[in-house]
Novice: 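Please read through the structure below; I'll follow up with questions.
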Amino acid sequence: QVQLMASGGGLVQPGGSLRLSCITSGFTFSDSGMTWYRQAPGKEREWVGSISRDGTDTNYADFLQGRFTISRENTKNTVYLQMNALEPEDTAVYFCKSWTFASWGQGTQVTVSS
């Protein structure tokens with residue numbers, strides 16, 4: 001059973017940073033690229049960025065303007081999202097997803113507010 005559990009969210013002031021983690025199980029993590037998505041209140045889920053299975057290739061949504069970085073540790077079955085220079089518009093629930101499976105796991109809430 002594929003499981004994905006994001007954590008590390010919270011309340012942060014504008015300009016602050018957070019590092020999200022997504023721990024996975026139930027599949028061979030090192031065989032799968034991973035993607036981060038987010039869903040803001042009242043909006044559709046949107047793609048944030050992706051990382052290849054070996055971590056050598058990453059791609060990001062244009063609106064991030066270089067503020068976020070995705071990385072992974074295959075020995076820990078974990079993918080990360082480092083978020084810097086956070087803005088109120090980044091407020092959303094953040095999810096990770098495997099390229100290989102359709103399952104959505106538990107997201108983590110990020111709230112950017114003063």
Side-chain angles (χ1 to χ4, degrees):
Q1 181 181 0
V2 173
Q3 294 189 333
L4 310 105
M5 182 169 292
S7 63
L11 174 63
V12 62
Q13 293 187 342
S17 298
L18 281 175
R19 188 194 194 203
L20 307 184
S21 301
C22 181
I23 299 173
T24 72
S25 62
F27 65 102
T28 304
F29 182 73
S30 58
D31 285 348
S32 179
M34 297 294 296
T35 294
W36 282 96
Y37 292 87
R38 71 185 188 184
Q39 187 165 18
K43 296 186 177 180
E44 293 192 354
R45 194 168 294 179
E46 64 180 352
W47 175 73
V48 172
S50 297
I51 186 167
S52 61
R53 59 186 182 178
D54 63 359
T56 57
D57 292 322
T58 53
N59 291 282
Y60 301 94
D62 290 341
F63 62 78
L64 294 178
Q65 298 180 322
R67 298 181 295 118
F68 292 8
T69 303
I70 299 174
S71 61
R72 64 189 294 160
E73 284 190 84
N74 285 352
T75 57
K76 295 183 179 181
N77 296 337
T78 302
V79 61
Y80 304 97
L81 180 65
Q82 176 67 44
M83 307 187 295
N84 299 325
L86 283 162
E87 304 169 351
E89 293 73 23
D90 297 317
T91 295
V93 178
Y94 285 73
F95 303 85
C96 73
K97 187 178 180 298
S98 162
W99 291 2
T100 309
F101 301 96
S103 304
W104 289 94
Q106 177 179 312
T108 187
Q109 174 72 48
V110 172
T111 303
V112 184
S113 176
S114 56

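Bear in mind the structure is a predicted one, so any value in this text is a computation, not a measurement.
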Novice: Compare every heavy atom of A85 with every heavy atom of D90, then report the nearest pair and how far apart it is.
Specialist: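 For D90 versus A85, the nearest heavy atoms are OD2-O, 4.4 Å.
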Novice: Give, for atom OG of S50 and atom OH of Y37, the distance between the pair rounded to the nearest 0.5 Å.
Specialist: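 S50 OG to Y37 OH: 6.0 Å, rounded to 0.5 Å.
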Novice: Should the ring pair Y94 and F68 be called parallel, tilted or perpendicular, given that the plane angle runs from 0 to 90° and is split at 30 and 60?
Specialist: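 Plane angle between 30° and 60°, so tilted.
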Novice: Decide side chain to side chain contact (heavy atoms under 4.5 Å, CB included) for I23 and Q3; before the verdict, give the C-alpha distance in whole Å, the side-chain angles of both, and the deciding distance to 0.1 Å.
Specialist: CA-CA 8 Å; I23 299 173; Q3 294 189 333; over 6 Å; no
Novice: Side-chain heavy atoms nearer than 4.5 Å, only ILVMFWY residues, links allowed to pass through others: does that put V112 and F95 together?
Specialist: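 Not linked; separate clusters.
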Novice: Between S52 and G33 (side chain of the first, backbone of the second, donor and acceptor by atom type, cut-off under 3.5 Å), is there such a pair?
Specialist: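 Flag not set: sc S52 to bb G33 has no pair under 3.5 Å.
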Novice: Output, in order, the C-alpha distance, side-chain angles, deciding distance and verdict of side chain to side chain contact (heavy atoms under 4.5 Å, CB included) for M83 and V110.
Specialist: CA-CA 10 Å; M83 307 187 295; V110 172; 3.8 Å; yes
Novice: Locate the shortest heavy-atom distance separating T35 from W99; write the atom from each residue and the value.
Specialist: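 Taking every non-hydrogen atom into account, OG1-NE1, 2.8 Å.
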Novice: Checking side chain to side chain contact (heavy atoms under 4.5 Å, CB included) for the pair D31/T100: CA distance, chi angles, key distance, verdict?
Specialist: CA-CA 9 Å; D31 285 348; T100 309; over 6 Å; no
Novice: Tell me the closest heavy-atom pair linking N84 and S17, and the distance in Å.
Specialist: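 The pair with the smallest heavy-atom distance is OD1-OG, 3.0 Å.
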Novice: Starting at CD1 of I51, measure out to CE of M34 and round the result to the nearest 0.5 Å.
Specialist: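 Answer for the CD1-CE pair, I51 versus M34, is 9.5 Å.
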Novice: Could you grab the distance from atom OG of S21 to atom CE of M5, nearest 0.5 Å is fine?
Specialist: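 The distance works out to 12.5 Å.
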Novice: Can you tell me how far the CH2 atom of W36 sits from the CG atom of L20, to the nearest 0.5 Å?
Specialist: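 The CH2 atom of W36 sits 5.0 Å away from the CG atom of L20.
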Novice: Is the side chain of T24 donor-acceptor paired with the backbone N or O of N77 at a distance under 3.5 Å, no angle test?
Specialist: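 The answer is yes, because a donor-acceptor pair under 3.5 Å joins these two groups.
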Novice: Are the side chains of S30 and T28 in contact, using a 4.5 Å heavy-atom criterion?
Specialist: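 T28 vs S30: side chains touch.
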Novice: Would you list the pairs meeting salt bridge (charged side-chain N to carboxylate O under 4.0 Å, His left out) in which at least one residue belongs to residues 42-66, sequence neighbours left out?
Specialist: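 The answer is R38-E46.
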Novice: When you measure from the side chain of R72 to the backbone N and O of G55, does any donor-acceptor pair fall under 3.5 Å?
Specialist: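 A pair under 3.5 Å: no.
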Novice: Heavy-atom distance under 4.5 Å between the side chains of V79 and F29, does that happen here?
Specialist: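 They are in side-chain contact.
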Novice: Quick one: OG on S7 to CZ on R19, what's the gap to the nearest 0.5 Å?
Specialist: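 Here the interatomic distance stands at 10.0 Å.
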Novice: Considering all heavy atoms of both residues, which atom of V48 and which atom of L64 are nearest to each other, and what is their separation?
Specialist: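 Heavy atoms of V48 and L64 come nearest at O-CD1, 3.4 Å.
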Novice: Is there a side-chain contact between L11 and S113 (heavy atoms, below 4.5 Å)?
Specialist: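 Yes, their side chains come closer than 4.5 Å.
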Novice: Looking only at heavy atoms, what is the nearest atom pair of F27 and S32, with distance?
Specialist: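 Smallest heavy-atom distance, with atoms named: CE1-CB, 4.0 Å.
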Novice: Quick one: do V93 and F63 end up in the same hydrophobic cluster if we chain Ile, Leu, Val, Met, Phe, Trp and Tyr together by side-chain heavy atoms under 4.5 Å apart?
Specialist: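 No.
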Novice: Are R67 and Y60 side-chain neighbours, meaning at least one heavy-atom pair lies under 4.5 Å?
Specialist: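 No, side chains not in contact.
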Novice: Is there side-chain contact between S98 and S103, with at least one heavy-atom pair below 4.5 Å?
Specialist: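 When only atoms from C-beta onward are counted, S103 and S98 do not touch, as no gap falls below 4.5 Å.
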Novice: Write down the atom of C22, the atom of L4, and the distance for their closest heavy-atom approach.
Specialist: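 Heavy-atom minimum between the residues: SG-CB, 4.0 Å.
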